[in-house]
Amino acid sequence: MKLAYVASLTVSVMVCASATMAQAVVLIDGTLDGGYGNPKAAQSVHTGFGNASDGVNSFANGSELDAGYAKIDMDNGYLYLFLAGNLESNFNKLDVFIDSDATGGQNEIRSDNPDIDYNGLNKMGRDNVNGYAGLKFDAGFAADVCIMTTIGGDPVTQYANIAQMLTDGGGAGGYLGNGVFSGPTGINLIDDQVYGCQLSISNANTGGVSGDSANPGSGCGVITGIEMRIPLALLAWDGVSDIKICAFINGNGHDYVSNQVLGSLPIGSGNLGGDGVGGYLGGFPGALRGVDFAAIDGDQFFSATGPDVCGSVCLGDLNDDKVVDSSDMGGLLGAFGPCAPGTPGDFNEDLVIDSADLGSMLGVFGACP
Ligand SMILES: [Ca+2]
Ligand SMILES: [Ca+2]
Ligand SMILES: [Ca+2]
Ligand SMILES: [Ca+2]
């Protein structure tokens with residue numbers, strides 16, 4: 001019954017959006033758009049889940065969450081999230097939690113939420129029989145919606161699920177569909193017609209943080225990753241309160257949390273695992289009973305209206321005139337070919353300036369944020 005309620009809510013949103021016909025702020029394609037503005041979270045921890053080095057859209061041999069962007073598009077009724085980085089194409093998981101209802105939600109994950117992705121959400125929840133804790137968020141963060149996505153198989157395919165996280169459990173949720181890549185460099189799209197969500201991923205990034213704890217690098221500057229669109233009507237948002245996001249890379253079975261969390265864990269942190277210090281516990285529910293973000297320094301979430309990090313990023317503005325336009329494109333075309341590390345215009349840091357970089361520049365055409 002609640003599922004039907006959410007579905008009908010979605011229909012009304014879509015009608016509303018088509019009536020206003022406002023221009024979309026971003027395109028869901030796995031590449032950063034200028035409409036996001038500056039990042040609200042950046043990674044400062046080396047990845048414990050493998051440093052991605054393949055550099056192709058569809059496939060990655062490691063996972064990292066380099067930076068977090070969030071854009072509330074009131075005109076069209078969507079929240080857009082862009083998580084720069086990579087999701088390994090081995091069915092490891094990206095778990096995203098949204099705190100959009102200032103008065104409700106779950107600070108500790110419950111185990112009576114909708115069954116999505118083989119009950120992966122409830123696996124992270126509290127075990128009331130044995131008294132094991134569920135994963136705990138920071139104080140001040142109570143998740144209202146969970147979105148999970150994963151990628152793998154042949155042909156490489158992305159899958160996603162969504163669920164409400166109501167204060168008292170229950171609620172609606174379901175499968176959002178899958179998006180197949182047309183080829184290694186192709187673009188994929190999950191275009192869900194029930195809830196109105198869209199997701200896409202590009203795994204082209206080879207920059208961002210490293211896998212070396214002594215030289216972690218920075219997540220700033222990465223412009224490909226996991227991108228999603230969520231109707232605001234699904235978020236029980238009051239239209240004025242902050243919208244907060246907690247995202248992390250998790251193991252195949254949602255039972256082993258990596259050290260790739262946004263907001264970032266303290267520099268040098270290892271994988272959290274299930275016990276909070278890298279050990280696997282398993283069990284169902286209660287598999288993450290040692291993970292308590294409130295006990296870890298800093299905010300393991302970021303806000304759509306929070307302070308900018310990474311300084312002011314204006315990707316594609318090669319001539320530094322605060323607008324990305326044809327003169328920058330001319331400069332990029334003139335520099336096509338192999339290049340040295342750190343060369344401006346090699347946005348995906350694959351040591352060649354080519355059509356992939358041109359695509360990235362076209363995605364951010366316009367005035368700098
Ligand atoms: Ca995009
Ligand atoms: Ca909430
Ligand atoms: Ca990296
Ligand atoms: Ca914390």
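Counting convention: from 1, in listed order, for ligands and their atoms alike.
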Original post:
Please walk me through it: do Asn92 and Ser63 pass side chain to side chain donor-acceptor pair (under 3.5 Å)?
Top reply: CA-CA 8 Å; Asn92 277 346; Ser63 294; 4.5 Å; no

Subject >> Proximal protein heteroatoms (N, O or S) of the Ca ion (ligand 2), under 3.0 Å >> reply: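 Under 3.0 Å from the Ca ion (ligand 2) - ignoring waters, which are not counted - the protein N, O or S atoms are Asp99 OD1, Asp101 O, Gly104 O, Ala142 O, Asp144 OD1, Asp144 OD2.
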
Subject >> Tyr80 and Tyr69 aromatic centres sub-6.0 Å >> reply: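 Ring centres of Tyr69 and Tyr80 not closer than 6.0 Å.
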
Original post:
Aromatic ring centroids of Phe301 and Phe137 under 6.0 Å?
Top reply: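 Ring-ring flag for Phe301/Phe137: false, centres at least 6.0 Å apart.
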
Is the closest side-chain donor-acceptor distance between [X] and [Y] under 3.5 Å?
X      : Y      : answer
Asp127 : Ser111 : no
Thr31  : Ser202 : no
Asp242 : Ser303 : yes
Gln198 : Asp191 : yes
Thr185 : Asn57  : no

Subject >> Hphob cluster co-occupancy, Leu65 + Phe49, side-chain heavy atoms under 4.5 angstrom >> reply: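 Yes, it is one cluster - the side chains of Leu65 and Phe49 are joined through contacts under 4.5 Å.
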
**OP:** Everything protein-side that's N, O or S and under 3.0 Å from the Ca ion (ligand 1): list it, residue and atom.
**Re:**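 Leu27 O, Asp29 OD1, Thr31 O, Asp33 OD1, Glu227 OE1, Glu227 OE2, with waters left out.
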
Original post:
Is the Ca ion (ligand 3) less than 3.0 Å from an N/O/S atom of Asn51, whether that atom is in the backbone or a side chain?
Top reply: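 Checking the Ca ion (ligand 3) against Asn51, an N, O or S atom does fall under 3.0 Å.
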
**OP:** Confirm or rule out an N/O/S atom of Val222, from backbone or side chain, lying less than 3.0 Å from the Ca ion (ligand 3).
**Re:**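 No N, O or S atom of Val222 is closer than 3.0 Å to the Ca ion (ligand 3), so no.
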
Original post:
Is there side-chain contact between Asn122 and Pro285, with at least one heavy-atom pair below 4.5 Å?
Top reply: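 SC-SC contact between Asn122 and Pro285 ruled out.
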
**OP:** State, to the nearest 10 degrees, the angle whose vertex is the Ca ion (ligand 3) and whose arms point to OE1 of Glu64 and O of Val209.
**Re:**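 Seen from the Ca ion (ligand 3), OE1 and O are separated by roughly 90°.
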
Original post:
Any Lys/Arg nitrogen of Asp95 or Lys93 sitting under 4.0 Å from an Asp/Glu carboxylate oxygen of the other?
Top reply: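 No, no charged N to carboxylate O under 4.0 Å.
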
